[in-house]
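Computed from a prediction, not measured in an experiment: that's the story for all the values here. Because only heavy atoms are used, hydrogens play no part in the values below, and waters and symmetry mates are left out as well, while side chains stay in.
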Amino acid sequence: MSLAGLALILGHVAVSGAGREADEGTAARLWWLLMAAQLPVVAFFAIAWLPRAPRQALAVLAMQAVAVLANLATLRFFDL
């Protein structure tokens, strides 16, 4: 979901350009939905896999955190 959000940001910038708009558009609302919808999925993953395989689960959770930070950095870079 984070990679889909990143693709959505980059696609929006490619089509509409960077910079703020007067109103929050469809791309912004879809991005928020993707970011919010992944929270329960990540929580379920953490609850299910941290007790079973902590090292591998932490690696996956770290990659997830990096993907979210990449989304936020891209938003900041393009001033969206």
Side-chain angles (χ1 to χ4, degrees):
M1 288 182 171
S2 293
L3 294 178
L6 190 58
L8 186 66
I9 294 169
L10 296 175
H12 175 72
V13 169
V15 172
S16 300
R20 295 188 185 267
E21 296 178 6
D23 187 24
E24 189 177 79
T26 305
R29 292 175 193 250
L30 286 174
W31 184 83
W32 277 110
L33 286 172
L34 282 170
M35 294 301 110
Q38 75 182 349
L39 290 175
V41 175
V42 171
F44 176 76
F45 174 83
I47 291 169
W49 285 99
L50 275 175
R52 294 182 195 173
R55 175 172 272 166
Q56 293 86 356
L58 285 175
V60 171
L61 291 173
M63 286 187 283
Q64 179 66 34
V66 167
V68 169
L69 289 175
N71 272 279
L72 295 174
T74 305
L75 286 175
R76 175 65 100 176
F77 180 76
F78 288 117
D79 193 31
L80 297 175

_CG on L39 to CZ on F44, rounded to 0.5 Å_ = 15.5 Å
*Would you kindly confirm whether M63 and L61 end up in one hydrophobic cluster when ILVMFWY residues are joined by side chain heavy atoms under 4.5 Å apart?*
yes
*Residues that V66 engages under side chain to side chain contact (heavy atoms under 4.5 Å, CB included), provided they are two or more places apart*: none
_Neighbour count above 12 (heavy atom, 6.0 Å) for L33 CG_ = yes
*Are I9 and L30 connected, step by step, through hydrophobic side chains (Ile, Leu, Val, Met, Phe, Trp, Tyr) whose heavy atoms are closer than 4.5 Å?*
yes
*asked:* Going by salt bridge (charged side-chain N to carboxylate O under 4.0 Å, His left out), name the pairs with one or both residues in residues 61-80, residues two or more places apart or in two chains.
replied: R20-D79
_As an exercise, state the distance from CG of L80 to CG of L72, rounded to the nearest 0.5 Å._
12.0 Å
*Are L6 and L34 connected in the hydrophobic side-chain network, where two residues link if heavy atoms are under 4.5 Å apart?*
yes
*Please report the closest heavy-atom contact between P40 and A37, naming both atoms and the distance.*
CD-O, 3.3 Å
*Under a 4.5 Å side-chain heavy-atom rule over Ile, Leu, Val, Met, Phe, Trp and Tyr, are M35 and F78 clustered together?*
yes
*Should L58 and V42 be regarded as members of a common hydrophobic cluster, given that ILVMFWY residues are connected when their side-chain heavy atoms come within less than 4.5 Å of each other, either directly or indirectly?*
yes
*asked:* Tell me the closest heavy-atom pair linking L8 and W31, and the distance in Å.
replied: CD2-N, 3.5 Å
With a cut-off of 3.5 Å and sequence neighbours excluded, list every side-chain donor-acceptor pair involving residues 46-57.
| residue | atom | partner | partner atom | Å |
| --- | --- | --- | --- | --- |
| R52 | NE | A48 | O | 3.4 |

*For F77, enumerate each residue passing the side chain to side chain contact (heavy atoms under 4.5 Å, CB included) test, keeping only those at least two apart in sequence or located in another chain.*
none
*Can you list every pair that meets salt bridge (charged side-chain N to carboxylate O under 4.0 Å, His left out) and has a residue in residues 7-16, with sequence neighbours left out?*
none
*May I have all residue pairs that pass side-chain hydrogen bond (donor to acceptor under 3.5 Å, both in side chains) and include part of residues 32-47, sequence neighbours excluded?*
S2-Q38, Q38-Q64
